[in-house]
Colleague: 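Sharing a structure below in structure tokens format, with a few things to ask.
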Amino acid sequence: GCTDGANPIEGLTIDAAGNIYGATQTYSPARGTIYELIPVPGKTRWKFRKLAGGKEISNVNGRMIFDVNGNIYGTQGSGGSKGYGAVFELLPDGEHTRRIWKELYSFAYQDPHGTFPDSITYLGASSGVPYDGVSPLFGTTLDGGNSNQAGVAFALTPNGDSWDETILYTFCSQHDCKDGGRPQGLIVDGSGNLFGNAAQGSGKRGRGVVFELQNNAGSWSEIVLHKFCESPKCSDGAYGWQRLLPDAAGDLLGVTLWGGTGKRCCGVLFQLTPQGVDSPYNVLASFCAKRNCTDGAQPSSDLVMDTSGNLFGATETGGRYRTDQGHLGGGTVFQWTGSTLETLYSFCKLRDCADGEYPVAGLVMDASGNLFGATQYGGKYGAGVVFELMP
């Protein structure tokens, strides 16, 4: 009955003990699951534990957050008491292994407070410290807002038994959406400023922007750092969907789903130095530069970086092995060494894609440099896998 869920989505999260957390799209007879994978000593196998599942689990977005008390926070892009997404918390259920699902805030249809939340983060998240449980949670919505229903950036702050929402910025507030729309994947720097991608608006073709939201004594303002598709044939990339990754120098690294100079124009890996409007921007690599996109196409996951500064990510399609779903390939995991884009693994290598297909969930890396991710399809039952790649 697929009571363990099917079709993993969004990013995985790994805790200090090496346990992995994620979510699935579908669940019979309800909608989705949130699960935990616990390594058995020796890591020859993993124990599956369903933390939550049922009608309240719908379209979970982004990585989950852990606070200092072990509570788990997340977002779902639909559902909730108002029907159009919610921010939730999973509380321990005494000594039982399951969790109690608690709604913190719900979004409504065409709400000026936003609709369809994307993901949440907090100050200190990039350094790996747990959430303190009392400071603001920052997030975005893909729709809603007072202007052109193009989304908002918000903060949620606990207030007793409830949470208060503050709108930080409403997108598409400028003519022709020059400030961008459909924002996603916020990160917070050490000064409390926010950075993210907006997947539409601005530019010659409206293919999205990289933005910064600055906090000036409680008043927030937006700066467009880069407008995608400004170069001929969108060689600088288009549609930046995934979360940005800051490096030690303060640059921002990211990927786009489309654009680039590859044969089928299927995304880029880029670097941006935040220095205000039209910040310095550099395309590090274009995907689908090889015949039949054997180097991957349409990068689909957040980037991760190892201690040597190498970057790792995944592409939805491309790779060496064709599939029966009309894709160029079953997807790849790639590495950027600073000068070279390398394919570490191509999916659908095994018969009937038993090794997984369409890796859409963001990668995570443990302390030993092992990579973990999930595919939406493929596997023994055709409903996706969670995988590990070892150096």
Side-chain angles (χ1 to χ4, degrees), residues 60-69 71-77 80-82 84-90 102-108 110-147 149-173 179-199 209-225 243-244 246 252 274:
V60 175
N61 290 330
R63 303 182 190 276
M64 278 166 274
I65 289 172
F66 299 90
D67 71 12
V68 292
N69 296 314
N71 301 315
I72 302 173
Y73 301 78
T75 58
Q76 55 187 67
S81 60
K82 297 180 181 178
Y84 286 82
V87 177
F88 63 85
E89 182 179 8
L90 294 177
K102 178 184 178 182
E103 181 180 282
L104 304 182
Y105 191 86
S106 184
F107 297 85
Q110 292 190 339
D111 193 334
H113 295 279
T115 303
F116 306 130
D118 172 59
S119 61
I120 51 175
T121 189
Y122 58 95
L123 181 62
S126 60
S127 64
V129 299
Y131 172 54
D132 59 17
V134 295
S135 59
L137 292 171
F138 299 100
T140 59
T141 68
L142 300 179
D143 208 328
N146 282 322
S147 54
Q149 301 295 312
V152 304
F154 65 86
L156 288 179
T157 307
N159 182 10
D161 292 332
S162 63
W163 289 67
D164 296 332
E165 186 202 37
T166 302
I167 300 298
L168 309 181
Y169 188 80
T170 300
F171 287 85
C172 252
S173 295
D179 52 338
R182 296 181 64 82
Q184 301 178 64
L186 286 184
I187 61 172
V188 191
D189 70 9
S191 300
N193 299 315
L194 305 174
F195 298 85
N197 282 311
V209 305
V210 180
F211 66 86
E212 177 182 1
L213 295 178
Q214 291 187 346
N215 183 5
N216 300 301
S219 177
W220 293 81
S221 58
E222 191 217 36
I223 299 173
V224 173
L225 303 177
R243 188 184 305 272
L244 300 168
L252 299 176

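Only this structure's heavy atoms are used, side chains among them; waters, hydrogens and symmetry mates stay out. For clarity, every value in this text was computed on a predicted model and none was experimentally measured. Residue indices begin at 1 and follow the sequence shown.
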Colleague: Return the set of residues passing salt bridge (charged side-chain N to carboxylate O under 4.0 Å, His left out) with R182 (not counting sequence neighbours), or none when no residue passes.
Modeller: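 R182 satisfies salt bridge (charged side-chain N to carboxylate O under 4.0 Å, His left out) with no other residue.
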
Colleague: A side-chain contact here means heavy atoms from C-beta on lying under 4.5 Å apart; do T121 and I187 qualify?
Modeller: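 Answer no - side chains too far apart.
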
Colleague: If we count only N and O atoms by modelled type, under 3.5 Å, do the side chains of S81 and E103 hold a donor and an acceptor together?
Modeller: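 The criterion, which ignores hydrogens and geometry beyond distance, is satisfied for E103 and S81.
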
Colleague: Quick one: closest heavy-atom pair of P183 and G151, and the distance?
Modeller: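 Looking at all heavy atoms of both residues, the closest pair is CD-CA, 4.1 Å.
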
Colleague: Are the side chains of N216 and S221 in contact, using a 4.5 Å heavy-atom criterion?
Modeller: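 Answer yes - side chains close enough.
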
Colleague: Give the minimum heavy-atom separation between L213 and A153, together with the two atoms involved.
Modeller: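 Scanning both residues completely, I find the closest heavy atoms to be CD1-CB, 3.5 Å.
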
Colleague: Using 0.5 Å steps for rounding, measure from the CG atom of L168 to the CG atom of L186.
Modeller: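 L168 CG to L186 CG: 8.5 Å, rounded to 0.5 Å.
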
Colleague: Would F211 and F171 count as a close aromatic pair, with their ring centres under 6.0 Å?
Modeller: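 Ring centres of F171 and F211 closer than 6.0 Å.
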
Colleague: Measure across S119 and R243 and return the closest heavy-atom pair with its distance rounded to 0.1 Å.
Modeller: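 Looking at all heavy atoms of both residues, the shortest contact is OG-NH2, 3.2 Å.
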
Colleague: Establish, from distance only, whether the side-chain atoms of N61 and D118 form a donor-acceptor pair under 3.5 Å.
Modeller: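 No donor-acceptor contact under 3.5 Å links the two side chains.
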
Colleague: Could you tell me which non-hydrogen atom of P136 sits nearest to which non-hydrogen atom of A155, and how far apart they are?
Modeller: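 Heavy atoms only, the tightest pair is CB-CB, 4.3 Å.
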
Colleague: State, yes or no, whether a side-chain contact exists between F154 and T141 at a heavy-atom distance under 4.5 Å.
Modeller: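 With C-beta onward as the side chain, the pair touches.
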
Colleague: Would you name the heavy atoms of Q110 and T115 that are closest together and state the gap between them?
Modeller: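 Taking Q110 first and T115 second, the nearest heavy atoms are N-OG1, 3.4 Å.
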
Colleague: Does a side-chain heavy-atom distance below 4.5 Å link Y169 with V152?
Modeller: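 SC-SC contact between Y169 and V152 ruled out.
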
Colleague: Is there any side-chain hydrogen bond (donor to acceptor under 3.5 Å, both in side chains) pair reaching into residues 127-138, and which pairs are they, with sequence neighbours excluded?
Modeller: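 Qualifying pairs, neighbours excluded: D132-S135.
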
Colleague: Among all residues two or more places apart in sequence or in another chain, which pass the ring-ring contact (aromatic ring centres under 6.0 Å, His included) test with F116?
Modeller: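 Residues passing ring-ring contact (aromatic ring centres under 6.0 Å, His included) with F116: Y84.
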
Colleague: I'd like to know if the side chain of N69 reaches the main chain of N71, judged simply by a donor and an acceptor atom lying under 3.5 Å from each other, with no hydrogens or angles considered.
Modeller: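 Not a single qualifying donor-acceptor pair exists.
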
Colleague: State, with a plain yes or no, whether a side-chain heavy atom of Q214 is found less than 4.5 Å away from one of I223.
Modeller: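 Yes, side chains in contact.
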
Colleague: Heavy-atom distance under 4.5 Å between the side chains of F195 and L252, does that happen here?
Modeller: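 A side-chain contact under 4.5 Å exists here.
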
Colleague: Under 3.5 Å, is there a donor-acceptor pair between the side chain of D164 and the main chain of T157?
Modeller: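 Here the side-chain-to-backbone pair does not exist.
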
Colleague: Flag the pair F107 / D143 as yes when at least one side-chain heavy-atom distance between them is below 4.5 Å, and no otherwise.
Modeller: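 With C-beta onward as the side chain, the pair stays apart.
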
Colleague: Got a donor-acceptor contact below 3.5 angstrom from the N159 side chain to the S162 backbone?
Modeller: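 It does not hold such a pair.
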
Colleague: Using 0.5 Å steps for rounding, measure from the CG atom of L137 to the OH atom of Y105.
Modeller: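 Spacing of CG (L137) from OH (Y105) equals 13.5 Å.
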
Colleague: Shortest non-hydrogen contact from Q149 to G144?
Modeller: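 Of all heavy-atom pairs spanning Q149 and G144, the closest is OE1-CA, 3.1 Å.
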
Colleague: I want to check something: taking the side chain as every heavy atom from C-beta on, are Y122 and I120 in contact at a cut-off of under 4.5 Å?
Modeller: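 No, too far: nothing below the 4.5 Å cut-off.
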
Colleague: Does the pair L194 and E212 meet the rule for a side chain to side chain contact (heavy atoms under 4.5 Å, CB included), with working shown?
Modeller: CA-CA 6 Å; L194 305 174; E212 177 182 1; over 6 Å; no

Colleague: Under 3.5 Å, side chain of N193 to main-chain N/O of N215, donor-acceptor pair present?
Modeller: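 Yes.
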
Colleague: Examine distances only and state if a side-chain atom of D189 and a backbone atom of S191 form a donor-acceptor pair shorter than 3.5 Å.
Modeller: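 Between the backbone of S191 and the side chain of D189 there is a qualifying donor-acceptor contact (under 3.5 Å).
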
Colleague: Show your working on side chain to side chain contact (heavy atoms under 4.5 Å, CB included) between I167 and H113 and close with a plain yes or no.
Modeller: CA-CA 7 Å; I167 300 298; H113 295 279; 4.2 Å; yes

